[in-house]
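Encoded as structure tokens, the structure appears first; notes follow it.
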Amino acid sequence: MLNEDKVKLMTRMAMYETRHGAEDFKISSYYRKDYTSYHTVGTVIWVTIGYVIAVAVGALAFMEEIIAHFNMAFLIMLVLSLVTGYIVLVVMYGIVASRFYLKKHNEARQRVKRFNHDLTRLNRMYEKEKKQ
């Protein structure tokens with residue numbers, strides 16, 4: 001005979017496994033700090049690559065003006081503004097990425113805990129059914 005509670009529980013668990021399961025299990029296999037640090041460093045690397053590409057495109061687009069105003073004071077101001085812009089951008093993206101991945105890890109961890117709790121409940125149902 002089918003147990004309605006057991007079927008509902010198994011359905012909920014199967015839906016979780018198809019939606020979030022694989023990704024959540026992978027995320028929760030990391031420690032929170034390791035996961036956050038790893039992905040924040042990756043974000044900073046990609047921001048750096050994007051910034052270098054944007055500066056290169058900007059330099060090519062405005063090459064004529066750069067050459068026309070080329071002197072030591074202009075060069076120092078240009079380099080200082082590029083470095084300052086880079087530092088501000090990296091710090092902002094680093095903070096946002098850190099918080100985003102921390103939240104993502106916490107949510108995945110909670111869903112995995114809920115899944116493990118459901119798994120324990122299902123196991124108890126089977127044990128209870130086996131004793132009867």
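Only this structure's heavy atoms are used, side chains among them; waters, hydrogens and symmetry mates stay out.
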Name each donor-acceptor pair under 3.5 Å that joins a side chain in residues 70-92 to protein atoms two or more places apart or in another chain, with its distance.
| from | atom 1 | to | atom 2 | distance (Å) |
| --- | --- | --- | --- | --- |
| Asn71 | OD1 | Ala73 | N | 3.4 |
| Asn71 | OD1 | Phe74 | N | 2.7 |
| Ser81 | OG | Met77 | O | 3.1 |
| Ser81 | OG | Leu78 | O | 2.9 |
| Thr84 | OG1 | Leu80 | O | 2.7 |
| Tyr86 | OH | Thr48 | OG1 | 2.8 |

Which residues pass the salt bridge (Lys or Arg N to Asp or Glu O under 4.0 Å) test with [X], not counting sequence neighbours?
| X | value |
| --- | --- |
| Glu17 | none |
| Arg12 | Asp118 |
| Lys104 | Glu23 |
| Lys130 | none |

When Ile, Leu, Val, Met, Phe, Trp and Tyr are grouped by side-chain heavy atoms lying under 4.5 Å apart, directly or through other members, which residues fall in the same group as Phe62?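 Members alongside Phe62: none; it stands by itself.
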Could you list the cluster mates of Leu9? Members are the ILVMFWY residues connected by side-chain heavy atoms closer than 4.5 Å, either directly or through other members.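 Answer for Leu9: Met10, Met13, Tyr16, Phe25, Val112, Phe115, Leu119, Leu122, Met125, Tyr126.
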Which residues pass the side chain to side chain contact (heavy atoms under 4.5 Å, CB included) test with [X], not counting sequence neighbours?
| X | value |
| --- | --- |
| Asp34 | Tyr31 |
| Ile67 | Met63 |
| His39 | Tyr35, Tyr101 |
| Ser98 | Thr36, Thr40 |

Tell me every residue that passes side chain to side chain donor-acceptor pair (under 3.5 Å) with Asn116, counting only those two or more places apart in sequence or in another chain.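 Residues passing side chain to side chain donor-acceptor pair (under 3.5 Å) with Asn116: none at all.
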Value rounded to 0.5 Å, distance of [atom1] in [X] from [atom2] in [Y]:
| X | Y | atom1 | atom2 | value |
| --- | --- | --- | --- | --- |
| Arg99 | Ile95 | CZ | CD1 | 6.5 Å |
| Arg124 | Lys128 | CZ | NZ | 11.0 Å |
| Asn106 | Arg32 | CG | CZ | 4.5 Å |

Note, His117 side chain near Lys113 side chain (heavy atom, < 4.5 Å):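 Answer no - side chains too far apart.
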Can you find a pair of side-chain heavy atoms, one from Lys6 and one from Glu129, that are under 4.5 Å apart?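 Side-chain contact under 4.5 Å: yes.
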Find out if a path of hydrophobic residues (ILVMFWY) with successive side-chain heavy-atom gaps under 4.5 Å connects Ile49 to Tyr93.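 No, separate clusters.
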Of the non-hydrogen atoms in Ile27 and Ala108, which two are nearest, and what is the gap between them?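 For Ile27 and Ala108, the tightest heavy-atom pair comes out as CG2-CB, 3.8 Å.
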